[in-house]
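The structure under discussion appears below in the form of structure tokens.
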Amino acid sequence: MVIVFNLKNVKELSPSTILITLVILSALPFIIIALMSSLLHQTMDTDSYLLFHNIVEVFSIVVSFSIFGVGYYTYEQSKNRYALFLSCAFLVIGFIDLIHMLSYPNMPNFITYNDPNKSILFWIAARLISALTLIISAFIYADNENRWLSKKYLLPAATIISALIFIVVIYFPFYLPPMISVGSGLTPFKIYSEYVIIGFFVIAFLLYWKRLKKTKNDNNMLILAALILCIFSEFSFTLYLSAFDTYSILGHVYKIIAFLLIYWGVFIVTILEPYQKLEVEIKERENAEKNIEMLANVVESSDDAILTKSIDGAITSWNKGAEQTYGYSAAEILGKNISILAPLELKKETSELIEKIKRGEKIQHYRTLRLKKDKTPINVSITISPVFDSYGELVNFSIISRDITQQKEAENKIKRALNEKELLLREIHHRVKNNMQIVLSLLNLQTQYVETDEAAEILQEAQNRVKAMATIHEKLYQSADLSTIDFPDYIHSLISGIFFSHEIKEGQVESIIEIEQIKLNIETAVPCGLIISELVSNSLKHAFPFGKTGIIRVELKSQDNLFKLTVSDNGIGFPEGLDFENANSLGLQLVNNLIRQIDGDIKLDRSEGTKFIITFKELKYNERM
């Protein structure tokens with residue numbers, strides 16, 4: 001009861017009174033030691049001090065790491081960037097204090113030889129970071145929007161700073177000023193460093209005092225109290241004559257108390273304050289529930305089935321539209337698992353869709369089957385949306401279902417009609433191909449009865465032309481898409497047939513076909529196939545006389561809605577005096593007519609053999625229904 005009474009009295013005091021009292025109490029031990037120096041200013045033996053030093057350092061290290069643990073691992077809940085910054089800074093401080101302890105004289109050598117200078121360097125580094133941390137933290141608030149104040153940047157920064165200090169002190173101490181001199185004690189640099197650190201703590205104190213006046217947050221009092229103790233702690237380390245004397249002990253004690261106060265401050269802002277805010281949030285939630293009730297009335301008036309399910313799958317709300325769609329009343333369905341609405345083979349479907357939502361995917365107008373109360377299957381279109389609470393946590397899923405059974409039946413009728421039409425088209429292509437095969441057979445029979453080579457050649461050319469068109473219908477019959485031709489596959493089949501009909505011996509003429517993966521509609525593919533057939537046949541007949549070997553190349557490339565067709569050979573070349581655009585040859589006349597049909601342009605290159613270059617666009621017609 002006495003402790004409670006005293007604490008209540010402390011809370012009633014003004015901040016300035018509390019802090020002045022703390023300054024007096026902190027200074028009192030120094031005054032007593034100075035007045036009773038011969039009695040109190042003692043030096044501990046090495047083994048005893050080493051035990052004391054290790055105990056207090058382990059304690060301060062644990063406190064530092066605890067500050068890190070509380071601030072860092074509660075950040076996802078607290079979102080307190082101020083606590084996150086302090087926690088990452090104290091991770092550095094705790095690490096350096098750990099190395100300071102391991103580097104202390106009379107401890108086993110840590111990587112390099114342990115000496116007082118090495119230990120003091122780590123001590124000064126830790127104290128300097130402590131002071132700078134508190135200065136910077138005075139400008140940081142819990143809701144600070146600075147993107148650098150995040151786990152993504154602060155933890156790597158803490159790691160890098162720790163590593164740099166460790167490497168420099170362990171491996172490059174000769175670049176740093178000495179902190180202690182054998183026989184003469186602390187160097188001036190060490191003493192001045194302590195005064196600089198004290199100055200930084202004083203600056204931090206003034207900044208936090210200003211912060212206290214601005215925010216009226218009592219948590220800042222803990223940091224102010226810790227800063228007072230840090231100042232006296234550093235002051236004590238400017239006074240000791242031996243690392244084992246009374247001032248050194250006092251400085252370590254003040255340091256532990258200061259760290260505990262900082263830990264308590266971080267604990268309050270990350271653990272206690274959120275609970276205090278909970279009461280406010282409860283009231284806000286009550287108001288939100290009233291708004292939800294208003295929205296529920298709007299939902300109830302919808303003809304669509306609108307329901308919500310919890311994360312574990314239980315149905316938590318059910319509107320009148322859902323009653324009409326599925327046949328269940330709200331009393332019958334609420335609390336039941338949503339799988340009750342799914343056919344046996346689709347029981348896991350809803351949970352799979354929910355997992356997609358959790359991964360950030362959208363489920364909109366997803367078509368599936370569901371069961372009514374009487375087990376009648378219905379086609380539905382569903383949209384699933386996540387529902388978050390005020391913290392941004394996923395709590396429910398909203399599902400909107402629309403009965404599309406009649407729409408689905410209409411679509412199925414259309415699909416059946418389209419399938420029937422597709423079958424009819426396939427049958428037409430098949431019969432056209434068969435009829436052309438009959439024509440080819442008749443032409444082939446007729447060839448056996450002609451008496452002149454010229455007549456036989458004319459019939460052979462006619463066969464090649466019919467075969468070019470027959471191959472088109474054959475490919476369409478075999479294709480899943482009845483409106484376009486897989487042109488590379490078509491041309492390979494076409495040229496292979498032309499070589500066979502001309503009885504080209506193996507190794508005499510090589511065909512090189514380089515065609516991009518292009519699909520052409522039938523209106524464009526038929527003229528192109530006939531053009532290629534005529535030009536390749538022309539090369540086989542005239543480019544390689546007397547058994548000469550060579551190459552015929554067919555290329556088709558697309559660029560900017562234009563197609564470039566090249567048919568070339570390295571044979572004897574196109575006759576110089578012959579105008580291919582006005583030739584008497586039926587084949588060349590057919591080529592020119594077909595090029596005009598596809599609105600194309602043709603050029604002849606005689607520089608190396610014969611090369612026809614044709615550019616054209618795909619003919620556009622209304623889509624077939």
Side-chain angles (χ1 to χ4, degrees), residues 7 10-27 63-64 66-68 70-72 74-75 77-93 126-151 153-154 157-158 196-235 254-255 257-277 280:
L7 288 175
V10 167
K11 289 184 177 181
E12 292 174 358
L13 297 174
S14 67
S16 56
T17 302
I18 295 172
L19 295 175
I20 291 171
T21 303
L22 182 59
V23 170
I24 294 171
L25 292 175
S26 300
V63 173
S64 295
S66 297
I67 292 171
F68 167 73
V70 170
Y72 188 85
T74 61
Y75 175 72
Q77 290 73 37
S78 69
K79 301 300 180 184
N80 192 314
R81 298 192 180 228
Y82 167 75
L84 180 64
F85 173 80
L86 281 179
S87 68
C88 291
F90 270 86
L91 176 64
V92 179
I93 295 166
R127 303 290 72 75
L128 182 61
I129 291 174
S130 300
L132 293 175
T133 293
L134 292 170
I135 288 175
I136 296 171
S137 66
F139 297 98
I140 299 173
Y141 294 89
D143 57 352
N144 197 294
E145 294 293 334
N146 193 316
R147 67 186 183 92
W148 298 104
L149 296 173
S150 65
K151 286 184 175 183
Y153 297 107
L154 288 178
V196 169
I197 293 170
I198 290 172
F200 284 151
F201 279 129
V202 170
I203 293 171
F205 180 91
L206 295 175
L207 291 172
Y208 265 94
W209 178 257
K210 183 178 179 181
R211 179 184 175 115
L212 175 66
K213 294 297 183 182
K214 179 181 178 181
T215 63
K216 306 298 181 181
N217 189 336
D218 292 338
N219 184 59
N220 292 313
M221 283 293 294
L222 292 170
I223 306 298
L224 287 166
L227 283 165
I228 291 172
L229 293 171
C230 285
I231 291 169
F232 279 98
S233 174
E234 292 304 314
F235 180 70
Y254 279 7
K255 173 193 167 187
I257 299 173
F259 276 29
L260 283 173
L261 290 172
I262 295 172
Y263 169 78
W264 184 240
V266 173
F267 182 83
I268 286 176
V269 299
T270 56
I271 305 296
L272 297 184
E273 284 186 355
Y275 281 103
Q276 294 171 354
K277 293 177 181 178
V280 177

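We're numbering straight along the sequence, starting at 1.
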Closest approach of [X] and [Y], non-hydrogen atoms and distance?
X	Y	answer
S26	I228	OG-CG2, 4.1 Å
Y82	I140	CD1-O, 3.3 Å
L19	A225	CD2-N, 4.1 Å
S87	I67	CB-O, 3.4 Å
I135	F200	CD1-O, 3.5 Å
L149	L84	O-CD2, 4.1 Å

Side chain proximity check, [X] to [Y], heavy atoms < 4.5 angstrom:
X	Y	answer
L91	Y72	no
F85	T133	yes
F201	S130	yes
I203	L207	yes
F205	C230	no

When you look at NZ of K151, are more than 12 heavy atoms from neighbouring residues, nucleotides or ligands closer to it than 6.0 Å? yes
My understanding is that only one of F68, F259, Y263 makes a ring pair (Phe, Tyr, Trp, His ring centres under 6.0 Å) with F90; could you say which? F259
Between Y208 and S137, is any side-chain donor less than 3.5 angstrom from a side-chain acceptor? yes
Roughly how far, to the nearest 0.5 Å, is the CH2 atom of W209 from the CE atom of M221? 7.0 Å
Side chain [X], main chain [Y], donor-acceptor under 3.5 Å:
X	Y	value
R211	Y141	no
S233	L229	no
R147	Y153	no

Side chain to side chain contact (heavy atoms under 4.5 Å, CB included) with I129: which of I93, L134, I197? I93
